[in-house]
A.B. asks: 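Before we start, here is the structure in question, set down as structure tokens.
The first residue of the sequence shown is numbered 1, and numbering continues consecutively from there.
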Amino acid sequence: MRRVLKAGLLQTSFSSYSPVMDPIANFPFTNLPAELALLILKYAAQPTFDQTEKYETKSPYSSTLALCHISKAVRRVALPELLHTISLPKSENLRMFVDALRIQQEYAEIQKQNESRLKCGEEQTQNDLYFDYAPHIHKMWIGCSGANIVPDHLLHPDYAPARKLAISVLAPVLLATPSLALAWTSLGLFSECLEHAWKSHADTNANDEHSPRPWNTKTLTLSGETTAGGQWELLKDTPQGSAFLASISHLTYGSHTTTFDEFLFISMSHGLPRSYHLPSWMRSIPWLHLKNLQTFSMAYPYIRPPFDMYDFEHFTKRKGRSFHVELLTLSAAMLTRRRDDRRDWRISAFGDTGPGKEYIRSDRIGLKVSDSPIQFWFDDDDWEKIWACGLCA
């Protein structure tokens with residue numbers, strides 16, 4: 001319904017700007033009170049992360065980008081909605097985002113010059129496209145499983161200066177994000193950003209040992225397939241990485257194979273309730289480095305037994321299916337204790353559950369089922385959609 005309304009807004013609300021549109025569809029948008037017009041624009045500019053279509057087929061940002069092309073004033077209203085949740089699943093997305101940040105740096109310099117000219121009573125340079133991205137970004141996703149997020153040309157030694165420049169532009173914005181999602185394949189890039197910020201912070205705050213850390217991230221989401229050891233050494237073996245891990249309050253993990261565990265579905269097809277077998281590699285997570293961690297979460301499609309395996313096999317053939325999402329949350333205290341027994345990594349099934357409900361056990365284990373379903377396609381994009389829709393936090 002929300003997507004239908006947005007489509008209608010884009011077709012009718014601004015028809016007065018284009019003479020080729022049907023006059024019957026004209027709507028006196030400019031006659032609305034400013035407050036109401038602003039609310040409509042903000043609503044229409046929200047990305048459609050819950051869309052049925054795959055993100056690679058239709059960008060969830062398409063409506064927002066269309067609004068940005070209407071006028072400079074509408075662009076300033078739509079940009080905060082676009083920037084709230086940034087998804088950069090491929091290297092080309094990352095390159096374009098870094099290019100946009102570099103352009104904004106140039107606009108920021110013009111803005112500073114205009115402020116100086118204003119004080120001196122001099123004529124200012126027109127700078128309508130300047131927009132500070134960082135304060136508006138609340139969530140950012142970088143990387144997809146099985147692919148190198150760093151553009152190939154930046155990996156070549158000849159492009160070391162260009163890579164260094166890209167890191168210097170990306171790092172401040174990336175680390176200002178309260179909620180950060182990283183694929184295992186992008187941890188190397190993130191560690192470079194962290195090192196750059198750490199060194200810059202040390203240079204500018206050499207005499208202030210109580211200055212705040214150069215990042216604002218409290219929630220960390222990891223995605224993609226991993227081995228028992230993962231790539232934790234990129235963080236825990238450096239002073240900046242260790243300090244970053246110690247500042248994280250909430251850790252979330254998701255992957256295609258974890259979300260859709262075929263063995264789990266087989267047991268459910270026999271009428272057995274779902275139990276949660278936590279991945280064995282979780283034992284290698286450096287829990288002791290996560291000194292301020294409060295919770296650890298994993299997301300799954302909400303499926304109740306009995307479950308038809310024939311139906312599952314058809315679903316895996318890319319036909320897609322709609323499911324609610326259930327979020328399993330464990331307390332950090334439970335995970336930081338030494339747990340060698342395999343049974344300690346199995347969470348028994350919850351009882352009667354349902355959409356929109358939340359359940360908390362006395363052993364500080366919680367389960368929350370989403371209010372609305374989303375379309376799953378049994379591929380890597382499913383976990384990105386869960387994250388983008390805010391269903392894993």
A.B. asks: Counting N and O atoms only, with roles assigned by atom type, does the side chain of Ser331 sit under 3.5 Å from a partner on the main chain of Thr295, one being a donor and the other an acceptor?
C.D. replies: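 Here the side-chain-to-backbone pair does not exist.
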A.B. asks: Say whether, by atom type as modelled, one donor and one acceptor occur between the side chain of Ser186 and the main chain of Ile142 under 3.5 angstrom.
C.D. replies: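 Checked: pair present.
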A.B. asks: Could you give the distance from NE2 (His136) to OH (Tyr133), rounded to the nearest 0.5 Å?
C.D. replies: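 Output value for this atom pair is 10.5 Å.
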A.B. asks: Under a 3.5 Å distance rule, please check whether Thr48 uses its side chain to pair with a backbone N or O of Gln51 as donor and acceptor.
C.D. replies: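 Pair absent, no side-chain N/O of Thr48 close to backbone of Gln51.
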A.B. asks: When Met140 is tested against each of Thr217, Leu182, Leu180, Thr221 for side-chain contact (heavy atoms from CB on, under 4.5 Å), which residue passes?
C.D. replies: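 The residue from Thr217, Leu182, Leu180, Thr221 that satisfies side-chain contact (heavy atoms from CB on, under 4.5 Å) with Met140 turns out to be Leu180.
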A.B. asks: Test Leu194 against Thr238 for side chain to side chain contact (heavy atoms under 4.5 Å, CB included), laying out the working first.
C.D. replies: CA-CA 10 Å; Leu194 199 60; Thr238 62; 5.6 Å; no
A.B. asks: Check whether any side-chain heavy atom of Phe244 lies under 4.5 Å from a side-chain heavy atom of Arg213, and answer yes or no.
C.D. replies: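 No. Closest side-chain heavy atoms not under 4.5 Å.
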A.B. asks: Can a donor-acceptor pair be found, under 3.5 Å and without considering hydrogens, that links the side chain of Asn292 to the backbone of Ser249?
C.D. replies: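 Flag not set: sc Asn292 to bb Ser249 has no pair under 3.5 Å.
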A.B. asks: Hey, any chance Tyr253 and Leu288 share a hydrophobic cluster, counting ILVMFWY side chains that come within less than 4.5 Å of each other, even indirectly?
C.D. replies: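 Different hydrophobic clusters.
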A.B. asks: Under the criterion side chain to side chain contact (heavy atoms under 4.5 Å, CB included), I'd like the reasoning laid out for Val98 against Leu165: C-alpha separation, chi angles, the key distance, then a yes or no.
C.D. replies: CA-CA 10 Å; Val98 171; Leu165 176 61; over 6 Å; no
A.B. asks: For the pair Met334 and Ile365, evaluate side chain to side chain contact (heavy atoms under 4.5 Å, CB included) and give the outcome as yes or no after the intermediate values.
C.D. replies: CA-CA 9 Å; Met334 169 189 175; Ile365 299 175; 4.0 Å; yes
A.B. asks: When rounded to the nearest 0.5 angstrom, what distance separates CG in Leu367 from CD1 in Ile347?
C.D. replies: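 The distance works out to 11.0 Å.
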A.B. asks: Just checking, is any N or O donor in the side chain of Trp215 or Ser247 under 3.5 Å from an acceptor N or O on the other one?
C.D. replies: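 Yes, because at least one side-chain N or O of Trp215 sits under 3.5 Å from a partner of the opposite role on Ser247.
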A.B. asks: Any link between Phe131 and Ile103 through a network of hydrophobic side chains (Ile, Leu, Val, Met, Phe, Trp, Tyr) touching at under 4.5 Å?
C.D. replies: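 Phe131 does not cluster with Ile103.
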A.B. asks: In terms of relative ring orientation, are Tyr276 and Phe350 parallel, tilted or perpendicular, with 30° and 60° separating the classes?
C.D. replies: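 Ring orientation, 0 to 90° scale: perpendicular.
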A.B. asks: Given 3.5 Å as the limit, does a donor-acceptor pair link the side chain of Thr177 with the main chain of Val173, or not?
C.D. replies: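 Yes, because the side chain of Thr177 sits within donor-acceptor range (under 3.5 Å) of the backbone of Val173.
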A.B. asks: In terms of side-chain geometry, is the basic nitrogen of Glu192 or Lys164 positioned less than 4.0 Å from the acidic oxygen of its partner?
C.D. replies: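 Between Lys164 and Glu192 there is no salt bridge, as every charged N stays at least 4.0 Å from the carboxylate O atoms.
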A.B. asks: Does some side-chain heavy atom of Cys392 sit less than 4.5 Å from a side-chain heavy atom of Trp383?
C.D. replies: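 The answer is yes, as the side chains (C-beta and beyond) meet within the 4.5 Å cut-off.
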A.B. asks: Considering all heavy atoms of both residues, which atom of Val77 and which atom of Pro80 are nearest to each other, and what is their separation?
C.D. replies: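 Scanning both residues completely, I find the closest heavy atoms to be O-CD, 3.3 Å.
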A.B. asks: Looking only at heavy atoms, what is the nearest atom pair of Asp371 and Gly356, with distance?
C.D. replies: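 Result for this residue pair: OD1-CA, 3.1 Å.
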A.B. asks: Would Glu115 and Lys119 pass as an ion pair if we require N to O under 4.0 Å?
C.D. replies: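 No, this pair does not count.
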A.B. asks: Residues in salt bridge (Lys or Arg N to Asp or Glu O under 4.0 Å) with Lys72, at least two apart?
C.D. replies: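 So Lys72 forms a salt bridge (Lys or Arg N to Asp or Glu O under 4.0 Å) with Asp128.
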A.B. asks: Hey, does the side chain of Ser242 reach the backbone of Pro239 with a donor-acceptor pair shorter than 3.5 angstrom?
C.D. replies: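 Answer holds: no.
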A.B. asks: Check the surroundings of atom CD in Glu122: do more than 12 heavy atoms from other residues, nucleotides or ligands lie under 6.0 Å from it?
C.D. replies: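 Counting neighbours around CD of Glu122, more than 12 heavy atoms of other residues, nucleotides or ligands fall under 6.0 Å, so yes.
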A.B. asks: For Asp237 and Trp232: C-alpha separation, side-chain torsions, deciding distance, then whether side chain to side chain contact (heavy atoms under 4.5 Å, CB included) applies.
C.D. replies: CA-CA 8 Å; Asp237 292 347; Trp232 290 107; over 6 Å; no
A.B. asks: Donor-acceptor pair, distance only, cut-off 3.5 Å: does the side chain of Asn93 make one with the backbone of Lys90?
C.D. replies: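 Yes, Asn93 side chain to Lys90 backbone: donor-acceptor pair under 3.5 Å.
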A.B. asks: For the CG atom of Leu175 and the CZ atom of Phe190, what is their distance to the nearest 0.5 Å?
C.D. replies: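 Going from CG on Leu175 over to CZ on Phe190, the span is 5.5 Å.
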A.B. asks: Do Tyr302 and Phe323 have ring centres separated by under 6.0 Å?
C.D. replies: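 Distance test on ring centres: not under 6.0 Å, no.
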A.B. asks: Taking all non-hydrogen atoms of both residues, which atom of Lys42 and which atom of Glu81 are closest, and how far apart?
C.D. replies: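 Shortest heavy-atom contact: O-CG, 3.6 Å.
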A.B. asks: With a sphere of 6.0 Å drawn around CZ of Arg361, does it hold more than 12 non-hydrogen atoms of other residues, nucleotides or ligands?
C.D. replies: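 Buried by this count: over 12 neighbours within 6.0 Å.
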A.B. asks: Looking at Leu328 and Tyr300, what are the two nearest heavy atoms and their distance?
C.D. replies: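 Here Leu328 and Tyr300 meet closest at CB-CE1, 4.1 Å.
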A.B. asks: With no hydrogens and no angle check, just 3.5 Å: does a side-chain donor-acceptor pair link Thr252 and Ser297?
C.D. replies: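 The answer is no; no qualifying pair exists.
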A.B. asks: Would a line drawn from the ring center of His250 to the ring center of Phe296 be shorter than 6.0 Å?
C.D. replies: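 No, they do not, as the ring centres are separated by 6.0 Å or more.
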A.B. asks: Is Val369 linked to Ile303 within one hydrophobic cluster, defined over Ile, Leu, Val, Met, Phe, Trp and Tyr using a side-chain heavy-atom separation of less than 4.5 Å?
C.D. replies: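 Different hydrophobic clusters.
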A.B. asks: According to a 4.5 Å side-chain heavy-atom criterion applied to Ile, Leu, Val, Met, Phe, Trp and Tyr, with indirect links allowed, do Leu79 and Leu65 form part of one hydrophobic cluster?
C.D. replies: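 Same hydrophobic cluster.
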A.B. asks: Once ring-ring contact (aromatic ring centres under 6.0 Å, His included) is applied, what residue pairs with a partner in residues 57-115 remain, sequence neighbours excluded?
C.D. replies: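 Only Phe49-Tyr61, His84-His138 qualify under ring-ring contact (aromatic ring centres under 6.0 Å, His included).
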A.B. asks: Which heavy atom in Lys139 sits nearest to a heavy atom in Ala388, and how many Å separate them?
C.D. replies: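 Scanning both residues completely, I find the closest heavy atoms to be NZ-O, 3.7 Å.
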A.B. asks: Determine whether a donor-acceptor pair (N or O, by modelled atom type, separation under 3.5 Å) exists between the side chain of Asn114 and the backbone of Thr125.
C.D. replies: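 It does hold such a pair.
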A.B. asks: Identify the residue among Ile40, Leu38, Leu39 that makes a side-chain contact (heavy atoms from CB on, under 4.5 Å) with Leu32.
C.D. replies: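 The residue from Ile40, Leu38, Leu39 that satisfies side-chain contact (heavy atoms from CB on, under 4.5 Å) with Leu32 turns out to be Ile40.
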A.B. asks: Hey, are Ser87 and Glu384 close enough side-chain-wise for a donor-acceptor pair under 3.5 Å?
C.D. replies: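 Yes, side-chain donor-acceptor contact under 3.5 Å.
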A.B. asks: Rounded at 0.5 Å granularity, tell me how far CD1 in Ile360 sits from NZ in Lys368.
C.D. replies: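 Going from the CD1 atom of Ile360 to the NZ atom of Lys368 covers 9.5 Å.
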A.B. asks: Hey, does Leu67 have a side-chain heavy atom less than 4.5 Å from the side chain of Arg75?
C.D. replies: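 Side chain of Arg75 against side chain of Leu67, heavy atoms only: no contact under 4.5 Å found.
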A.B. asks: What's the spacing between Gln105 CD and Ser168 OG if we round to 0.5 Å?
C.D. replies: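 It comes to 6.5 Å.
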A.B. asks: Excluding sequence neighbours, so at least two apart, what forms salt bridge (Lys or Arg N to Asp or Glu O under 4.0 Å) with Asp132?
C.D. replies: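 Partners of Asp132 under the salt bridge (Lys or Arg N to Asp or Glu O under 4.0 Å) test: none.
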A.B. asks: Look at the side chain of Thr57 and the backbone N and O of Glu53, then say whether any donor-acceptor pair between them is shorter than 3.5 Å.
C.D. replies: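 No.
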A.B. asks: May I ask you to decide if Gly143's main-chain N or O and Trp141's side chain share a donor-acceptor pair within less than 3.5 Å?
C.D. replies: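 Yes; judged by distance alone, with no hydrogens or angles, the pair exists.
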A.B. asks: About how many Å separate NZ of Lys58 and OG1 of Thr52, when rounded to the nearest 0.5 Å?
C.D. replies: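 Going from OG1 on Thr52 over to NZ on Lys58, the span is 9.0 Å.
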A.B. asks: Please name the pair of heavy atoms, one in Trp287 and one in Leu293, separated by the smallest distance, quoted to 0.1 Å.
C.D. replies: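 Closest pair (atom of Trp287, atom of Leu293, distance): CZ3-CD2, 3.7 Å.
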A.B. asks: Are the side chains of Phe376 and Arg321 in touch, meaning some heavy atoms are under 4.5 Å apart?
C.D. replies: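 They are not in side-chain contact.
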A.B. asks: Taking side chain as C-beta onward, heavy atoms only, is Val325 less than 4.5 Å from Ile374?
C.D. replies: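 Yes, close enough: below the 4.5 Å cut-off.
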A.B. asks: Any side-chain heavy-atom pair from Leu189 and Leu187 closer than 4.5 angstrom?
C.D. replies: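 The answer is no, as the side chains (C-beta and beyond) never meet within the 4.5 Å cut-off.
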